[in-house]
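What follows is a set of notes on a single structure, which appears directly below.
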Protein chains: 2
Amino acid sequence: MKREGASTPNALLGLLSLGPMSGYDIRQMVLRTIGHFWSESYGQIYPGLKSLAAAGLVEKKTERKKGKPDRNLYSITLEGRERLQEWLRAPVSEDVARIELLLKLFFGAHVSTSVNREHVISNMESHQQALKVYLATGKQLRRDKANDPSLRYWLMTLNYGRHHSAAMLKWCRETLAEFDEMESKRKRRQ
Amino acid sequence: MKREGASTPNALLGLLSLGPMSGYDIRQMVLRTIGHFWSESYGQIYPGLKSLAAAGLVEKKTERKKGKPDRNLYSITLEGRERLQEWLRAPVSEDVARIELLLKLFFGAHVSTSVNREHVISNMESHQQALKVYLATGKQLRRDKANDPSLRYWLMTLNYGRHHSAAMLKWCRETLAEFDEMESKRKRRQ
DNA sequence: GGGTGCATGTAATGGGTTACATGATTCT
DNA sequence: AGAATCATGTAACCCATTACATGCACCC
């Protein structure tokens, strides 16, 4: 009877709370702003907007411009805002993340250390890349959104990413050192 | 044409590489050993074992014991081991984790700081708890599995958890301090 | 003429959890 | 008598991605 979960409609409401948007805009927004901890595909967005509209939580207005394709602009209603706040106040549902890297590593003894090493290295690279992005968007936000009341919250999510990626880099380096040790031990025995 | 994903059968093969097990055993194993980064439900395990058996990657033997319910013991075949190694060698497919806490925080300006603070606090508590578990199981593994060739790999996954939770605790403390600051600013203005 | 970006949507498919259904044994 | 643990499995449902389908405008 309790469903719980279903955060996609809430994500949509959240994004529309920043201003009216089309489904296409939402997709771009997701990629540019919350992309490092959230994803939404068109297959979720368009049907999601439709059902939110049917529930009266958002309103649709079709915008016609010569020379450009029609845009369906959605804006959040008062009821939608209430629903969003309700969800924000509800406790965070935590479920176990499935981390494929760790699953492979857990069974790593079945393959050579170099295979496992490669997995760790590519993980390290993606976190190095992510760190750069976090720092850059942090700067950009502080510059462009200096007076936005949401700025602090946005920086918190960025900071989360910073801490996470920094910790992962540390772990990667330690793990690579461990592989070195394992390999030199193996060589000594030969 | 390329499906990619579908890691459940590989997880099952991995667990069975540690020794013959029933579906029930596997569930327990998942919870006790890889539970901090993986989950499998009966609804995945039993059908999964069935199709692995149909593909010849595992073998089923029914064990009958007086006074106890029948157990379907599954063991990995040679072909299954090969398939497992193939998967282990394939690159890790990384997808964006959906972190509900961050989604709520991103839209945090719509509710009071105390609501957001509560979310962060309960996150902090769960990581404190997790850290304790990591340290305890680390000790236990070093004691009980001192000669297991997989020990190093298991400790790597634990270490991942340690680093992650430690970083999250740091982030939580910083974020809580930020809330303090926001609230004292608000008071000063009143 | 062809690629890219804007724009909307659906259908197929996959992957997963939860609830349901059943039943024995052991411990309290 | 009743709860907990062992044990197996299915069905309903939910959530999500990917591929498909369409089409215009702008730039090279």
Side-chain angles (χ1 to χ4, degrees), chain A residues 1-12 20-32 34-35 37-54 58 60-74 93-100 103, chain B residues 1-12 20-32 35 37-54 58 60-74 87 93-100 103:
Chain A
M1 297 283 132
K2 281 272 164 63
R3 49 210 127 48
E4 213 55 64
S7 19
T8 289
N10 296 305
L12 295 176
M21 269 180 265
S22 69
Y24 189 84
D25 292 338
I26 285 177
R27 183 82 221 280
Q28 308 308 309
M29 259 287 180
V30 168
L31 295 177
R32 277 192 301 113
I34 58 177
F37 61 83
W38 204 259
S39 68
E40 291 295 349
S41 60
Y42 287 129
Q44 287 283 102
I45 293 169
Y46 286 114
L49 288 172
K50 203 187 223 179
S51 70
L52 284 176
V58 303
K60 171 178 162 180
K61 266 166 208 156
T62 302
E63 211 185 41
R64 282 187 190 79
K65 278 189 185 165
K66 32 161 191 178
K68 282 194 177 174
D70 284 6
R71 274 161 56 85
N72 294 330
L73 262 198
Y74 290 88
S93 70
E94 40 189 331
D95 46 11
V96 190
R98 296 179 82 167
I99 306 173
E100 210 194 48
L103 190 62
Chain B
M1 297 281 130
K2 279 272 165 60
R3 49 209 131 44
E4 213 54 63
S7 22
T8 290
N10 296 305
L12 295 177
M21 269 181 263
S22 69
Y24 189 84
D25 293 337
I26 285 177
R27 182 84 222 278
Q28 308 308 309
M29 259 289 180
V30 168
L31 294 177
R32 277 192 301 113
F37 61 84
W38 204 258
S39 69
E40 291 294 348
S41 60
Y42 286 129
Q44 287 282 104
I45 293 169
Y46 286 115
L49 288 172
K50 205 187 223 178
S51 70
L52 284 175
V58 303
K60 172 178 163 181
K61 266 165 206 157
T62 302
E63 212 186 39
R64 283 189 189 79
K65 276 189 187 165
K66 27 151 198 188
K68 285 195 177 174
D70 285 7
R71 272 161 59 85
N72 294 330
L73 262 198
Y74 290 88
W87 172 73
S93 69
E94 39 188 332
D95 45 11
V96 191
R98 296 178 83 166
I99 306 176
E100 209 193 48
L103 190 63

Rounded off to whole Å, could you give me the CG-to-C1' distance for the N10(B) and dG16(C) pair? 16 Å

Side-chain N or O of K50(A) closer than 4.0 Å to phosphate OP1/OP2 of dT8(C): no

Let me know, please, whether L73(B) or E40(A) comes out on the 5' side of the other along DNA chain D by nearest nucleotide. L73(B)

At 4.0 Å (heavy atoms only), tell me whether D95(B) reaches a base, stays on the sugar-phosphate, or touches nothing. nothing

Looking at dC15(D), I'd like to know if its phosphate oxygens (OP1 or OP2) sit under 4.0 Å from a side-chain N or O belonging to R98(B). no

More 5' along DNA chain D: K60(B) or Q28(B), using each one's nearest nucleotide? Q28(B)

When rounded to whole Å, the OH to P distance for the pair Y46(B) and dT17(C) reads 15 Å

Within the structure, does a side-chain N or O atom of S22(B) lie under 4.0 Å from either OP1 or OP2 of dC6(D)? no

So for atom CD, which belongs to Q28(A), do other residues, nucleotides or ligands contribute more than 12 heavy atoms lying within a distance under 6.0 Å? yes

Check: E40(B) and I26(B) side chains under 4.5 Å, non-hydrogen atoms: no

Taking only side-chain nitrogens and oxygens of S39(A), does any of them come within less than 4.0 Å of OP1 or OP2 of dA16(D)? no

Once you round it to whole Å, what is the distance between P of dA24(C) and CD of E63(B)? 19 Å

Assign each of R71(A) and G43(A) the nucleotide of DNA chain C bearing its closest heavy atom; nearer the 5' end lies the nucleotide of R71(A)

Side-chain donor/acceptor of S7(A) to backbone N/O of N10(A), under 3.5 Å: no

Are any side-chain N or O atoms of E100(B) and backbone N or O atoms of S93(A), one a donor and one an acceptor, separated by less than 3.5 Å? yes

Just how far, in rounded Å, is P of dG9(C) from CG of L12(A)? 13 Å

Atom pair distance, as rounded to whole Å: OH in Y42(B) and P in dC20(C): 17 Å

For atom CH2 of W38(A) and atom C1' of dA16(D), their distance in whole Å: 11 Å

Can you measure R27(B) atom CZ to dA7(D) atom P for me and round it to whole angstrom units? 15 Å

Closest listed nucleotide, where the reference is the side chain of S41(B) and the choices are dT10(D), dT18(C), dT17(D): dT18(C)

On a heavy-atom basis, the closest approach of V58(B) and L49(B) is CG2-O, 3.9 Å

Mind calculating the distance between CD (Q44(B)) and C1' (dG16(C)) to the nearest angstrom? 5 Å

What nucleotide, of dA7(D), dG9(C), dC15(D), holds the atom closest to the side chain of Y24(B)? dA7(D)

